[in-house]
Protein chains: 2
Amino acid sequence: MARTRGERGARRVEIVQAATEVIAERGYRGATLAAVAERVGLTQQGLMHHFPTKEALLVAVLEARDQWDMASAALHGRAWPLEVVADLVEYNATRPGIVQAFTVLAGDSVTEGHPAQEFFRGRYAHVREGGAQALRAEYGDRLPGGLSPERAATLLAAVVDGLQVQWLLDPEAVDMPAAFRDFLALLAPPPRPQGTDSAQPGSARTEPERAGPHV
Amino acid sequence: MARTRGERGARRVEIVQAATEVIAERGYRGATLAAVAERVGLTQQGLMHHFPTKEALLVAVLEARDQWDMASAALHGRAWPLEVVADLVEYNATRPGIVQAFTVLAGDSVTEGHPAQEFFRGRYAHVREGGAQALRAEYGDRLPGGLSPERAATLLAAVVDGLQVQWLLDPEAVDMPAAFRDFLALLAPPPRPQGTDSAQPGSARTEPERAGPHV
DNA sequence: GTCTATAACAAGATAGAC
DNA sequence: GTCTATCTTGTTATAGAC
């Protein structure tokens, strides 16, 4: 049942990637089927053989890429270490296209009856859950400011998203990965300004050449 | 030169409000002139007498409401106390419509050549500036985690925006004002869990009946 | 599986009457 | 200042040939 790959879906994958690009450039409503089709060397009607409606294509885009993947981690019942999330933000800074597509879609999704609304509602719920688990594992039940891991997780998700918007609009002015590590520094037990330092500069170790955290 | 009010603009103001509503509901591209016109009892062409193009109307919407107004505060060279910002977030939780309109527009604006792009780029720059001033005034040059006020301000803006998205999608699950105060707690010198407390619950004093921080 | 043709609208914009 | 009429273009979707 669960496919997306290994089927006859070579073409489908191509189309979904193209659709993601076009959405990034022009938003969901601005992304026309013709523009997507052209990018893969098809006519609009040729494309519609693979995706019968525009909304079907959107759903495929949403399913294909799970942004930071904290969500899927949470789904699997395992929380990611915060360091991995930081690396993920770093990796995202390398792929403006995908970040842009999901920023646009997330913004659009708050709109009345938007087809991606349920997706993003669920996604954030999962991210908050997964983030809370990660924070609890790392710092225990009591964080700086007296926050619970749950409440801190809400902030964590907000920071990741909010930084993306600022970074996309002005990459020169906003160092997204550094800013995210700043937030992590806020969450780390503050007493030792020198000591444990687990979230300082230069935390890019996982090779940036990997297939990618997205999938 | 600078008008927007006091002119013959009674009708213009009506139209701009209607446009904000429609944008909130359907996004910028989805907001048709006809829909806006209908809301104020005009035909599409009647509306275009006041705003010759759709983009002109968008500009008016952008100018009219300066979201949290931290931006305009920064423009005037005065930083707002953080407590006022917290009240602003609280007030925003009361006006989902405007928050939604600006969330949609901000998301849209990262799109290629979007007419609101310059607006939001400038807005965030001002917000970061104003936020940094406010943070410096409140906490000095060195914040928890070793952050500078400038870097903390970037996070502050990200938190406000990111929380809005989560809150709009799921108001039951996310208490936006409380979450924002959580973030402020992270920034407040943590040593005293009881002492100075300037950002604790129940900080809603400016009468909620005021004309509103927006304008 | 991909194409051509085309239906069926919807949108922003212009011209000009009242 | 607001309306009717209309142009033009763009967009999703269907039908059916190859």
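Naming: A, B, ... by sequence-line order, numbering from 1 per chain.
For residues 15-24 of chain A, the set of pairs meeting the salt bridge (Lys or Arg N to Asp or Glu O under 4.0 Å) definition, not counting sequence neighbours, comprises A/Glu21-A/Arg39. Under the ring pair (Phe, Tyr, Trp, His ring centres under 6.0 Å) criterion, the residue pairs touching residues 23-59 of chain B are B/Tyr28-B/His114, with sequence neighbours excluded. Residue pairs meeting the side-chain hydrogen bond (donor to acceptor under 3.5 Å, both in side chains) criterion with at least one partner in residues 148-157 of chain A, sequence neighbours excluded, are A/Arg136-A/Glu150, A/Arg151-B/Asp182.
Per the geometry, CD belonging to B/Glu38 stands 14 Å off P belonging to C/dA10, to the nearest Å. Following rounding to the nearest Å, B/Leu57 (CG) and C/dA11 (P) show an atom-to-atom distance of 15 Å. When rounded to the nearest whole Å, the span between CZ of B/Arg12 and C1' of D/dT2 equals 16 Å. Taking atom CD on B/Glu55 and atom P on C/dA13, their separation rounds to 9 Å, with Å as the unit. The separation between B/His49 atom NE2 and C/dA17 atom C1' is 15 Å, rounded to whole Å.
Summarising the local packing, CD of B/Gln117 is surrounded by more than 12 heavy atoms from other residues, nucleotides or ligands at distances under 6.0 Å.
Near-neighbour residues of DNA chain D inside residues 15-34 of chain B, defined by a heavy atom below 4.0 Å, are absent.
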Handout entry: side chain to side chain contact (heavy atoms under 4.5 Å, CB included) assessment of B/Glu83 paired with B/Glu138
Key = CA-CA 10 Å; B/Glu83 210 175 73; B/Glu138 202 114 8; 5.7 Å; no
Output one line per pair: protein atom, nucleotide atom from nucleotides 3-7 of chain D, and distance, for all N/O pairs under 3.5 Å.
residue	atom	partner	partner atom	Å
D/dC3	OP2	B/Thr43	N	2.9
D/dC3	OP2	B/Thr43	OG1	3.0
D/dA5	N6	B/Gln45	NE2	2.6

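Side chain of B/Lys54, nearest nucleotide from D/dG1, C/dA13, D/dT12: C/dA13.
The structure places CG of A/Leu156 at 10.0 Å from CG of A/Asp161, a figure rounded to the nearest 0.5 Å. Note that CG of B/Leu105 is 10.5 Å distant from CD of B/Gln100, once rounded to the nearest 0.5 Å.
By the ring-ring contact (aromatic ring centres under 6.0 Å, His included) test, B/Phe180 pairs with no residue at all, sequence neighbours left out.
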